[in-house]
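Below is one structure, written out as structure tokens; comments come after it.
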Amino acid sequence: NIPLTIPEMTLPYTKITTPPIRDFSLWERTGLKNFLKTTKQSFDMGVNAQYKKNKDSYTIPFPLGAIYDILNPNLNSLHGHFEKGRDKTFDFLTKSYNEAKVEFEKYKVEASLNKLPRTLRIPGYYIPGLNIEVSPFTAELPAFGYMIPKEMSTPGFTIPGIGFSVPSYTLVLPFLQFPVLHVPRSLQKLTLPSIKIMRPGNHILIPAMGNLTYDFSFKSSVITLNTNAGLYNQSDIVAHFKSSSFSVIDALQYKLDGTTSLTRK
């Protein structure tokens with residue numbers, strides 16, 4: 001409850017002047033003091049949403065068996081393509097490692113110890129609907145660095161007039177690259193995880209819609225508001241909405257209650 005004081009002002013680009021306002025109290029002038037106990041108000045608010053699953057399900061025809069007939073024979077060729085890509089990757093990493101090793105040994109630079117090899121682990125999982133089981137997968141990853149030593153020579157030259165000569169210098173500086181610091185030997189024998197496809201039926205199960213409810217409540221010294229809504233999957237699909245308000249201000253009081261349904265044939 002701090003009174004407002006606004007000086008006289010002229011609106012920009014106009015000749016309109018606003019009158020000054022001195023000691024204007026919103027609490028007194030707007031009538032807030034007539035229905036609020038104090039200028040500091042507190043309130044309680046609650047929100048709750050809940051979904052209850054339905055045990056029923058719907059069966060939709062879908063040619064999953066045809067998908068099985070396409071995927072299952074191609075698993076062996078997939079493993080063959082993976083092995084070819086694995087061998088090419090291993091050769092590339094080995095070549096990069098050998099080149100980096102020559103540079104590090106030439107300049108007696110040790111690889112960073114924080115570039116230790118890491119292991120990738122993927123747990124086994126199941127793809128529902130398609131009835132596909134995938135076994136766990138573990139692979140040791142190669143380690144990469146960020147810098148590699150490179151030799152750089154500065155040219156020698158003579159300053160004209162004074163005959164001062166600057167000799168050539170050879171420097172070893174770090175250059176930004178991504179050298180391979182470690183190539184795991186297990187990479188050469190890495191295989192895809194075992195994939196097992198069980199022939200499914202020619203249908204997909206879709207769970208039926210459950211019951212969704214929503215509750216909202218708000219309570220203060222001025223107004224108490226309660227709202228409930230629900231969508232229920234019973235013999236028919238029923239939607240229900242109920243809301244009510246109690247307030248010291250008559251215009252804010254109301255009560256709503258409605259229900260609608262969708263009848264199944």
From CA spacing to verdict: side-chain hydrogen bond (donor to acceptor under 3.5 Å, both in side chains), Ser243, Thr227: CA-CA 4 Å; Ser243 181; Thr227 300; 3.1 Å; yes

Rounded to the nearest 0.5 Å, what's the gap from [atom1] on [X] to [atom2] on [Y]? Could you check?
X      : Y      : atom1 : atom2 : value
Lys84  : His81  : NZ    : NE2   : 6.5 Å
Thr18  : Ile6   : OG1   : CD1   : 8.0 Å
Ser194 : Phe137 : OG    : CZ    : 12.5 Å
Ile223 : Leu252 : CD1   : CG    : 5.0 Å
Lys255 : Asn226 : NZ    : CG    : 11.0 Å
Asp23  : Thr5   : CG    : OG1   : 4.5 Å

Do the non-hydrogen side-chain atoms of [X] and [Y] ever get within less than 4.5 Å of each other?
X      : Y      : result
Arg121 : Thr119 : yes
Tyr254 : Leu225 : yes
Glu8   : Thr17  : yes
Pro123 : Pro136 : no

How about CZ on Phe246, more than 12 heavy atoms from neighbouring residues, nucleotides or ligands closer than 6.0 Å, or not? no

Write out all pairs satisfying ring-ring contact (aromatic ring centres under 6.0 Å, His included) with one or both partners inside residues 204-232, taking only residues at least two apart or from two chains.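 Matches after skipping sequence neighbours: Phe43-Phe218.
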
Leu190 with Leu93, same ILVMFWY side-chain cluster at under 4.5 Å: yes

If hydrophobic clusters are built by linking Ile, Leu, Val, Met, Phe, Trp and Tyr wherever their side-chain heavy atoms come under 4.5 Å apart, do Ile237 and Ile206 end up in the same one? no

Heavy-atom nearest pair, Arg86 first then Lys189, reads NH1-C, 3.8 Å

For Thr259 and Val238: C-alpha separation, side-chain torsions, deciding distance, then whether side chain to side chain contact (heavy atoms under 4.5 Å, CB included) applies. CA-CA 7 Å; Thr259 301; Val238 180; 3.8 Å; yes

For a side chain to side chain contact (heavy atoms under 4.5 Å, CB included) check, start with the C-alpha distance between Ile16 and Thr10, then their side-chain angles and the critical distance, and finish with the verdict. CA-CA 6 Å; Ile16 300 175; Thr10 300; over 6 Å; no

Under the side chain to side chain contact (heavy atoms under 4.5 Å, CB included) criterion, do Tyr126 and Val134 qualify, and how do the steps go? CA-CA 6 Å; Tyr126 171 75; Val134 182; over 6 Å; no

Would you say the side-chain atoms of Ser96 pair up with the backbone N or O of Phe92, donor to acceptor, closer than 3.5 Å?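 Checking the backbone N and O of Phe92 against the side chain of Ser96, no donor-acceptor pair under 3.5 Å is found.
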
Output yes when a side-chain donor or acceptor of His240 lies under 3.5 Å from a complementary backbone atom of Gly258, and no otherwise.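 Present.
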
Intermediate values then yes/no, side chain to side chain contact (heavy atoms under 4.5 Å, CB included), Ile249 and Val222: CA-CA 8 Å; Ile249 306 174; Val222 179; 4.3 Å; yes

Could you pull out every donor-acceptor pair under 3.5 Å between side chains of residues 44-57 and any protein atom, sequence neighbours left out?
{"unit_1": "Tyr51", "atom_1": "OH", "unit_2": "Gly210", "atom_2": "N", "d": "2.8"}
{"unit_1": "Asn54", "atom_1": "OD1", "unit_2": "Asp56", "atom_2": "N", "d": "2.9"}
{"unit_1": "Asn54", "atom_1": "ND2", "unit_2": "Met209", "atom_2": "O", "d": "3.1"}

